[in-house]
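Reading through the structure tokens given below for one structure.
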Amino acid sequence: MGKVARHLDTLLVHAGEPSPLIEGAVGIPIFQSSTYQYRGESSHDTARYVRLSNTPNHIALHRKLAAVENAEAALVTASGMAAISTTLLALLRPGDHILAQDCLYGGTHALMFAEFPRLNIEVDLIDGDAPTSWAARVKSNTRAIYVETISNPLMQVPDLKAVASFARERRLISIIDNTFASPVNFRPAEHGFDLSLHSATKYLNGHSDVVAGAVIGHAALVERISHLLTRLGGSLDPHACFLVHRGMKTLGVRMRHQNEAALRIARFLEQHPKVATVNYPGLENHPRHQRARELFDGFGGMLSFEIKGGVEVADRFLSKLALPICAPSLGGVESLITRPATTSHAAMPEADRQRAGITNSLIRFSVGLEAAEDLIDDFAKALAAC
Ligand SMILES: *Cc1c(COP(=O)(O)O)cnc(C)c1O
């Protein structure tokens, strides 16, 4: 596909595909081989081996990922956390300092606060919505700024334009976890971010049947991260590459359905007398709705809400639902529902959760590909019964 301008849907299907097709196969074959015959390569780095992330399955997937986010390069990893940890460890050295948004994914928070201290890497948390407060936190050893496109589980949208320009002015590397938006709704490179990270476990793969991660961005940075990935060993296996590759071909149609269904469900919940609050950037009363409209091509498939009456009522509601499966994770074809205080944010101390606005009765919903009418019907019946 090269540099030919194409729509995202076309890139998702065609970008990175082998040319000519291998033996005419329309679906890329799975190269289930750990090692490859010597072809006269002069260094270890150019030998082909799965851990070096350079098999035909890796190369095709890297090209597709880079193309859909309009970025120079991409690298896949064994999980979203492998993408995050390898990236940060490649860019930060002992004595360095990083600014990070104050409502991080739990695994990222644990990496920064349980592991970084013994590596002598300092983390300062910042309010992603208060750019004027950031300058005072920058030190001579600050190297990077780290945010998430849409925060979990309250669906806040930080001032992403300000993050990218602040990083550029201060010569910091800007890193964004773009998992919740997916490349369909937000492409960080187009807004000046240096690196975009994904848990490909979620929307990119989209079928809740693989764990994988991705790093997308400037070629020089991706190359540095790739070298460390080879040393640390968190590479993705070819079969998982194939699954993510296959999943990405339908990302456009999946995400648009999920954007639309989530908005309809959010609107239904917003007007329901038993519902106290709904957090969804697509609702006009979301505090950063206008910003989300400017930045995103869609508002995503994730929302959270609170039912009046506290934890008992919330649990009764969950137990009455017929369609959504009670499980953590997100971005799959099946709707998933969870109470973050007992799952994704269970490790966070209760006081910190309360301060962050994550109440015990908050419910988080990942819309799947079911008909929105059926989901709304299911919600209406469960609300009536709780
Ligand atoms: C799930 C998730 C991760 C971690 O990804 P894994 O694939 O589970 O390692 C990181 N960031 C966000 C926003 C996530 O939702």
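Note that the numbering runs from 1 along the sequence shown for the chain. Each ligand, and each atom within it, is numbered from 1 in the order the structure gives.
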Among all protein heavy atoms, pick out the one at the shortest distance from [atom]; state its residue, atom name and that distance to 0.1 Å.
atom: atom 13 (C) of ligand 1; result: Asp177 OD2, 3.4 Å
atom: atom 7 (O) of ligand 1; result: Thr201 OG1, 2.6 Å
atom: atom 10 (C) of ligand 1; result: Tyr105 CD2, 3.4 Å

Based purely on interatomic distance, does [X] place a nitrogen or oxygen under 3.5 Å from a nitrogen or oxygen of ligand 1?
X: Val211; value: no
X: Lys202; value: yes
X: Met81; value: yes

Would Arg264 and Glu373 pass as an ion pair if we require N to O under 4.0 Å?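 Salt bridge between Arg264 and Glu373, a charged N being under 4.0 Å from a carboxylate O: yes.
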Check ion pair Arg187-Glu190 (N to O, under 4.0 angstrom): yes
Quick one: does Leu89's side chain get under 4.5 Å of Phe116's, heavy atoms only? yes
Is there side-chain contact between Thr359 and Glu306, with heavy atoms separated by less than 4.5 Å? yes
Strictly under 4.0 Å, does any heavy atom of Leu197 approach an atom of ligand 1?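 No.
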Checking [X] side chain against [Y] main chain: does a donor-acceptor pair fall under 3.5 Å?
X: Ser235; Y: Arg51; result: yes
X: Lys64; Y: Ala15; result: yes
X: Ser151; Y: Gln156; result: yes

Show the atoms of ligand 1 that are less than 4.0 angstrom away from any heavy atom in Ala212. 7 (O)
Under 4.0 Å from a heavy atom of Ile84: which atoms of ligand 1 are those, numbered in the order shown and with their elements? 10 (C)
When you measure from atom 5 (O) of ligand 1 to each heavy atom in Pro328, Ser329, Ser199, which option holds the nearest one? Ser199
